[in-house]
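Okay, structure first, notes after.
Excluded from the calculations below are hydrogen atoms, water molecules and symmetry mates; all remaining heavy atoms, backbone and side chain alike, are included. Labels below follow one simple rule: chain letters A, B, ... track the order of the sequence lines, proteins then strands, and each chain is numbered from 1. Computed from a prediction, not measured in an experiment: that's the story for all the values here.
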Amino acid sequence: MRLSTYFLPVMRDTPKEAEIVSHQLMLRAGMIRQSSAGIYSWLPLGLRVLKKIEQIVREEQNRAGAHEVLMPTIQSADLWRESGRYDDYGAEMLRITDRHDRDMLYGPTNEEQITQIFRDGVKSYKELPRNLYHIQWKFRDEVRPRFGVMRGREFLMKDAYSFDISAEAGTVSYNKMFVAYLRTFKRMGLTAIPMIAETGPIGGNLSHEFLVLAKTGESQVYCHADLLAEALPDEGDLTDSELQGVVDRWTERYAATEDKYDQAEFEAAVPEDKRVSARGIEVGHIFFFGTKYSEPLGCKVQGPNGEMITIQSGSYGVGVSRLAGGIIEAFHDDDGIIWPASVAPFHVGLINLKAGDADCDAACEMLDRELAAAGIDVLYDDRDERAGAKFSTMDLIGLPWQVIVGPKGLKSGEFEVKNRATGERLSLSPQATAAHLKSALADVL
RNA sequence: CGGAGCGUGGCGCAGCCCGGUUAGCGCACCGGUCUGGGGGACCGGGGGUCGGAGGUUCAAAUCCUCUCGCUCCGACCA
């Protein structure tokens, strides 16, 4: 992508409404623009990141055996009256009336909707277990939206729903999602710690929140230091008992958010030098709630003896748009964002220091083509700008690798390759540059 | 929902208290010259319903009333 033709409105000054660093950087880097309180437009650069995050979530859901669907944003109030939540949900639910004066709502979540779909489509225990998910915009009319996309009113969420014949089977489904979440966040470079959580208005009694530790997190959290270094299970299918083993390993050590925190308990469970007290950003939340929705909505299947069995369910959310902000909170410096390669909007920023110079142009274009052929996304700064402006822009938007091509280096046949995260610079021949990047990015291609 | 604050060109701000030329500054933007490896210099430009409505006045960005929007602090949430 040529920067000279791209839409990347970067800002030098920080808009005053942005308080936390991720919000400031998303605005400055031209990723988002605010539409109204807690509602944002995603510009090209931001959208690329959102799509990358979404795709990682999707791949891990699919790997865990969930099937993707897409439910509407607008739902009928009748469905919510059936579950009894229409009145319970409160002012946070945006209620709308259509032209026929029918009560509608902009979905804050989809338990009712998916349960209805599933109930009408499945009749036998032989068709269980199943897990369906979608990645769709939600609206929750928060009293006080803030922190940019981290706490918007409109936000993109992955929500999955499991359907099982028994509570035991439901636990297996829960564990699958638990492990899928560990993998999902890891792929984004994040260490997300599962913590015992309140179940809130979703209901149920088994629930974990996944929190990324960051100074600007909204929740105070307490956990055992070893959790930060806990290894992930190998890829590949796990048996039910292996799954349980992984979940046990992650949940046997103390980890709690403020709500569930108990000082005496914490100090008894964790030796002093292992006590971590930090701020966390909630990026995922999983629940097992049994028959809370299947019962009122009549979601049943026929069992092996012909009896009707009410389905056991859970729901599993990932804040996709929130993650874009959360990742920046975790990875930035004074100069700007530092994207993990897996979610970076482009892998490489190619800086032509003398656009218009025949040699520089040719060298850049050749590298651009070669990297593109290898599946590497390149943002090519071919603008006629000062070197300093180009460096600053590239650091701000945080692409993991920069290749700097100028007349000086070209004289000795070399490009400069800069690692955004470490600041390390290498002088390499064009061939070595391409080889170096291909190898460095092999994991995410 | 309680408390506080802010709305002036794309961004950051000054002007307002104490009404009075053509509403100003920095950045960004356009043209030009010189430059050219960390947001360069100079010259010349363009862009503003001063959030909105009403009122006071000879005269309103400035005073008054109402209203809308946004932000921050607290109680709640992917």
Hey, is the main chain of Met71(A) close enough, under 3.5 Å, to the side chain of Gln136(A) for a donor-acceptor pair? yes

Write down the distance between CZ (Arg146(A)) and C1' (C1(B)), rounded to a whole number of angstrom. 13 Å

Among G38(B), C72(B), C29(B), which nucleotide has an atom closest to any side-chain atom of Phe391(A)? G38(B)

Tell me which nucleotide among A78(B), C29(B), G38(B) gets nearest to the side chain of Asp395(A). G38(B)

Starting at CZ of Arg151(A) and ending at C1' of C77(B), how long is that distance when rounded to a whole Å? 5 Å

Interatomic distance at C1', C30(B) relative to G47(B), whole Å: 10 Å

Rounded to whole angstroms, how far apart are NZ on Lys390(A) and C1' on G40(B)? 15 Å

Whole-Å gap separating P (A78(B)) and CG (Leu190(A)): 18 Å

In whole angstrom, give the distance that lies between atom NZ of Lys260(A) and atom C1' of C77(B). 16 Å

Find the distance between NZ (Lys292(A)) and CD (Glu111(A)) and round it off to the nearest 0.5 Å. 9.0 Å

Using a 4.5 Å cut-off on heavy atoms from C-beta on, say whether the side chain of Glu17(A) contacts that of Leu27(A). yes

Side chain of Glu142(A) only, please: which of G40(B), C77(B), C72(B) is the nearest? C77(B)

Check the phosphate of G69(B) against Gln34(A), side-chain N and O only, distance under 4.0 Å to OP1 or OP2. Yes or no? no

Please work out if Asp335(A) contacts a base, only the sugar-phosphate, or nothing of the nucleic acid, heavy-atom cut-off 4.0 Å. nothing

In the structure shown, which nucleotide is the Watson-Crick or G-U wobble counterpart of G39(B), with both distances under 3.5 Å? none

When the distance from CG of Leu353(A) to P of G39(B) is rounded to whole Å, what number comes out? 13 Å

Qualifying residue, where the test is ring pair (Phe, Tyr, Trp, His ring centres under 6.0 Å) with Phe178(A) and the options are Phe210(A), Phe185(A), Tyr316(A): Phe210(A)

In whole angstrom, give the distance that lies between atom CD1 of Ile53(A) and atom C1' of A78(B). 13 Å

Which residue lies more 5' along RNA chain B, comparing Pro15(A) with Pro407(A) via nearest heavy atoms: Pro15(A)

Can you measure Arg386(A) atom CZ to U35(B) atom P for me and round it to whole angstrom units? 11 Å

If the P atom of U21(B) is compared with that of A60(B), how far apart are they to the nearest Å? 12 Å

Applying the 3.5 Å cut-off to both distances, the Watson-Crick or G-U partner of C76(B) turns out to be none

Between Arg12(A) and A28(B), does any side-chain N or O lie under 4.0 Å from OP1 or OP2? yes

Could you work out the separation of G44(B) and C25(B) based on their P atoms and round it to a whole Å? 13 Å

Which part of the nucleic acid, if any, lies within contact of Ser36(A), taking any heavy atom under 4.0 Å across all strands shown: a base, the sugar-phosphate backbone alone, or nothing? sugar-phosphate

According to the 5.5 Å centroid and 30° plane-angle thresholds, does Phe155(A) stack upon the nucleobase of A78(B)? yes

With heavy atoms under 4.0 Å as the rule, sort Gly356(A) into base, sugar-phosphate or nothing. nothing

Any donor-acceptor pair under 3.5 Å between the side chain of Arg425(A) and the base of G38(B)? yes

Considering only atom C1', compute the distance from G32(B) to G15(B) and round it to an integer number of Å. 33 Å

Should C17(B) form a Watson-Crick or G-U wobble pair with both distances under 3.5 Å, which nucleotide is its partner? none

Classify the nucleic acid contact of Lys16(A) as base, sugar-phosphate or nothing, counting any heavy atom under 4.0 Å across all strands shown. sugar-phosphate

Between G48(B) and U33(B), how many Å separate the two P atoms, rounded to a whole number? 28 Å

Determine the sole option in Tyr106(A), Tyr293(A), Tyr89(A) for which the ring pair (Phe, Tyr, Trp, His ring centres under 6.0 Å) test with Trp80(A) is passed. Tyr89(A)

Step through it carefully: locate the ring centre of Phe288(A), locate the ring centre of Tyr174(A), and say whether they are under 6.0 Å apart. no

Rounding to the closest angstrom, what is the interatomic distance between G19(B) and A59(B) at atom P? 15 Å

Which base sits across from A23(B) as a Watson-Crick or G-U pair, both distances under 3.5 Å? none

For G69(B), which nucleotide is its Watson-Crick or G-U wobble mate, given both distances must be under 3.5 Å? C6(B)

Using 0.5 Å steps for rounding, measure from the OH atom of Tyr380(A) to the CZ atom of Phe346(A). 14.5 Å

Rounding to the closest angstrom, what is the interatomic distance between G51(B) and C6(B) at atom C1'? 11 Å

Name the nucleic acid region contacted by Ala387(A), choosing base, sugar-phosphate or nothing; use a 4.0 angstrom heavy-atom cut-off, strictly under. sugar-phosphate

Have a look at Gly284(A) and say if it touches a base, only the backbone sugar-phosphate, or nothing, with a 4.0 Å heavy-atom cut-off. sugar-phosphate

Using Watson-Crick or G-U wobble geometry with both distances below 3.5 Å, tell me the partner of C63(B), or none. G55(B)

What distance, rounded to whole Å, do you find between the two P atoms, one in U71(B) and one in G12(B)? 13 Å

At under 4.0 Å between heavy atoms, what does Val283(A) touch on the DNA or RNA strands: base, sugar-phosphate, or nothing? sugar-phosphate

Is a salt bridge present between Asp88(A) and Arg85(A), judged by a nitrogen-to-oxygen distance below 4.0 Å? no

Of Ser219(A) and Ala37(A), the one whose nearest nucleotide on RNA chain B sits closer to the 5' end is Ala37(A)

Base of G37(B) paired with side chain of Glu416(A) (donor-acceptor, under 3.5 Å): yes

Between C72(B), C77(B), U71(B), which nucleotide gets closest to the side-chain atoms of Arg144(A)? C72(B)

